[in-house]
Amino acid sequence: MEWNCHPITGGPISTELRINDRIRVPEVRLVGPNGETVGIVPTDQALKLAQEADLDLVEIAPQGRPPVCKLMDYGKFKYENAQKAREARRNQSNVIIKEMKLRPKIDAHDYETKKGHVVRFLNAGDKVKITIMFRGREQHRPELGFRLLQRLAEDVQELGFVESSPKQDGRNMIMVLGPHKKKADAKVDAEAAKATKMQARADRVAEEAAEREAAHAAGPVAQKKERGRSENLDPEIDA
């Protein structure tokens, strides 16, 4: 005889807390609305206390013996938890890895340009993957790439650190730099710098406008005084 065996799978496990009449145990360890310990009381009595205080009886530690329940405003509790979760997601920073490719015999100008990009990435709170590309006979001189990576790491050590040491990967040598500054902090600094720059520009425009206004107001008076001096210096008038 053959048996047809099918795996039995249950539904998703609920993470919703049990409240009020859904709490079926005979007694609970009760905690008051301000966190004070009431003690072990019959569940019916705990429900009565909740009703009298216009609160909910919420099972916060079902694994306890007996389970721990607290008197609280469950609707307010859920709302505050949702707000905290939303704020945590907003502050969560996505890890972004930028990549910069160099040749082992890079010239000074190109090196400074590439280093500038690395500095910008690290300042923004991003990781940077540095790849040294070897071609032809350069593959037999890995020390050239290693020294170049060491030099770059030393040049940007105030902004980042070597998260993954240089290692050979086929024809390439790879190193990963991590930023000292977190992504969220880098974003705040960038916004602050932008605000400071905009304020400085507004102050400069206001200052230039004030200078133009002052010059315009002083213009006719200066011309009048100049004409007066020229008339007084006229020899025919003195005569």
Qualifying residues under salt bridge (charged side-chain N to carboxylate O under 4.0 Å, His left out), relative to Arg29, sequence neighbours excluded: none

Straight-line distance of Asn172 CG to Arg135 CZ, nearest 0.5 Å: 10.0 Å

Ile23 reachable from Leu55 in the ILVMFWY side-chain graph, under 4.5 Å edges: yes

Val31 reachable from Ile19 in the ILVMFWY side-chain graph, under 4.5 Å edges: yes

Cationic N near anionic O, under 4.0 Å, Lys78 to Glu80: no

Glu112/Lys115 ion pair, N-O < 4.0 Å: yes

Contact check, side chains of Glu59 and Val28, non-hydrogen atoms, under 4.5 Å: no

Close side-chain approach of Ile174 and Ser164, heavy atoms under 4.5 Å: no

Sub-3.5 Å donor-acceptor pair from the side chain of [X] to the main-chain atoms of [Y], do we have one?
{"X": "Arg171", "Y": "Gln168", "value": "no"}
{"X": "Asp107", "Y": "Asp110", "value": "yes"}
{"X": "Lys114", "Y": "Lys101", "value": "yes"}
{"X": "His180", "Y": "Gly125", "value": "no"}

Glu158, CD atom: more than 12 neighbouring heavy atoms under 6.0 Å: no

Gln83, CD atom: more than 12 neighbouring heavy atoms under 6.0 Å: yes

Any side-chain donor near an acceptor of the partner, Arg120 and His117, under 3.5 Å: yes

Test: Arg103 cationic atom under 6.0 Å from Tyr111 six-membered ring centre, within 45° of axis: no

Residues that Phe77 engages under ring-ring contact (aromatic ring centres under 6.0 Å, His included), provided they are two or more places apart: none

All pairs passing side chain to side chain donor-acceptor pair (under 3.5 Å) where residues 30-56 contributes a residue, at least two apart: Asn20-Asp56

